[in-house]
K.L.:
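Before I ask anything, let me first share the structure, which is written out below as structure tokens.
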Amino acid sequence: MRLFATFSILGLGLLSGCPTAPTPSKVEASEVGVKPSPTTKSTEPAVESGGSDLDETPAWFDISKFDHAKILQAKNQAKVGASLATATLLELQPGTTTEDCMTAVRTEMAKSLSDLAEAVPGDKGRMTLQGKTSSYSYTVVCGPGKAGQTTLYLSYTGL
């Protein structure tokens with residue numbers, strides 16, 4: 001649970017644009033998988049599988065489900081202890097409020113999760129949704145980003 005909390009803090013740092021956010025560990029380039037965004041050229045190195053990794057990406061972790069979202073941080077993966085953590089950061093279309101963001105995410109997640117956690121208000125106008133399934137834990141944060149535009153941070157960590 002401590003590793004999950006540390007990775008969640010990393011996500012909050014990414015959401016706020018804080019360059020000094022704590023990281024779960026020093027991650028070597030060979031341990032990180034990055035899926036290229038339309039504006040990013042990169043390769044997708046393989047990440048070794050472990051016993052706690054998921055066989056499939058959760059259905060709600062599909063950035064195409066969020067219309068006109070701009071990718072601020074492409075999907076990335078890193079080993080956190082024995083688990084594989086996956087995260088992405090999106091900027092939502094102008095006019096999207098924190099509440100709109102959280103409603104859209106909860107609607108999408110409810111399609112595949114029967115016991116969805118409640119979102120809780122956080123600092124700086126953000127809302128956070130954290131919970132667990134039998135195979136992964138998740139963190140979702142909606143709120144104003146660095147430039148004031150509403151951002152969406154999605155992450156999950158295999159158990």
K.L.:
Locate the shortest heavy-atom distance separating T88 from A74; write the atom from each residue and the value.
P.N.:
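Smallest interatomic distance, heavy atoms only, reads OG1-C, 3.8 Å.
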
K.L.:
Would you name the heavy atoms of S155 and A87 that are closest together and state the gap between them?
P.N.:
CB-CB, 3.9 Å

K.L.:
Let me confirm one number: the SG-CE distance from C142 to M102, rounded to the nearest 0.5 Å.
P.N.:
4.0 Å

K.L.:
Hey, could you give me the CG/OG1 distance between D100 and T150, rounded to the nearest 0.5 Å?
P.N.:
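Rounded to the nearest 0.5 Å, the CG-OG1 separation comes out at 8.0 Å.
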
K.L.:
For Q149 and E91, which heavy atoms make the closest approach, and how far apart are they?
P.N.:
CG-CG, 3.2 Å

K.L.:
Are side-chain heavy atoms of I63 and I71 found at a separation under 4.5 Å?
P.N.:
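Side-chain contact under 4.5 Å: yes.
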
K.L.:
Counting C-beta onward and ignoring hydrogens, is there a side-chain heavy-atom pair between T86 and N76 closer than 4.5 Å?
P.N.:
no

K.L.:
Do T57 and K75 touch side chain to side chain, with heavy atoms closer than 4.5 Å?
P.N.:
yes

K.L.:
So, for T128 and Q130, which heavy atoms are closest and what is the spacing to 0.1 Å?
P.N.:
CG2-CG, 3.8 Å

K.L.:
Walk me through it: do F66 and L152 pass the test side chain to side chain contact (heavy atoms under 4.5 Å, CB included)?
P.N.:
CA-CA 9 Å; F66 304 98; L152 169 59; 3.8 Å; yes

K.L.:
Could you pull out all residues at least two apart from T107 that satisfy side chain to side chain donor-acceptor pair (under 3.5 Å)?
P.N.:
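With sequence neighbours excluded, T107 shows a side chain to side chain donor-acceptor pair (under 3.5 Å) to no residue whatsoever.
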
K.L.:
Can you check whether L159 reaches S135 side chain to side chain, under 4.5 Å on heavy atoms?
P.N.:
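A side-chain contact is absent here, since even the closest heavy-atom pair is not under 4.5 Å.
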
K.L.:
Does R106 use its side chain to pair, donor to acceptor, with the backbone of A117 at less than 3.5 Å?
P.N.:
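Side chain of R106 to backbone of A117, a donor-acceptor pair under 3.5 Å: yes, one is there.
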
K.L.:
I need the minimum non-hydrogen distance between P144 and T98, along with the two atoms involved.
P.N.:
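Distance-wise, the nearest heavy atoms are CD-OG1, 3.8 Å.
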
K.L.:
What residues form a side-chain contact (heavy atoms from CB on, under 4.5 Å) with L113, not counting sequence neighbours?
P.N.:
W60, M109, L116, T133, Y136, Y138

K.L.:
Is there a donor-acceptor contact under 3.5 Å from the side chain of T96 to the main chain of C101?
P.N.:
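No, T96 side chain to C101 backbone: no donor-acceptor pair under 3.5 Å.
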
K.L.:
How far apart are the closest heavy atoms of D62 and S64, and which atoms are they?
P.N.:
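Scanning both residues, the minimum pair turns out to be OD1-OG, 2.7 Å.
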
K.L.:
Decide yes or no for T151 and L90: does some side-chain heavy atom of the first lie under 4.5 Å from some side-chain heavy atom of the second?
P.N.:
no

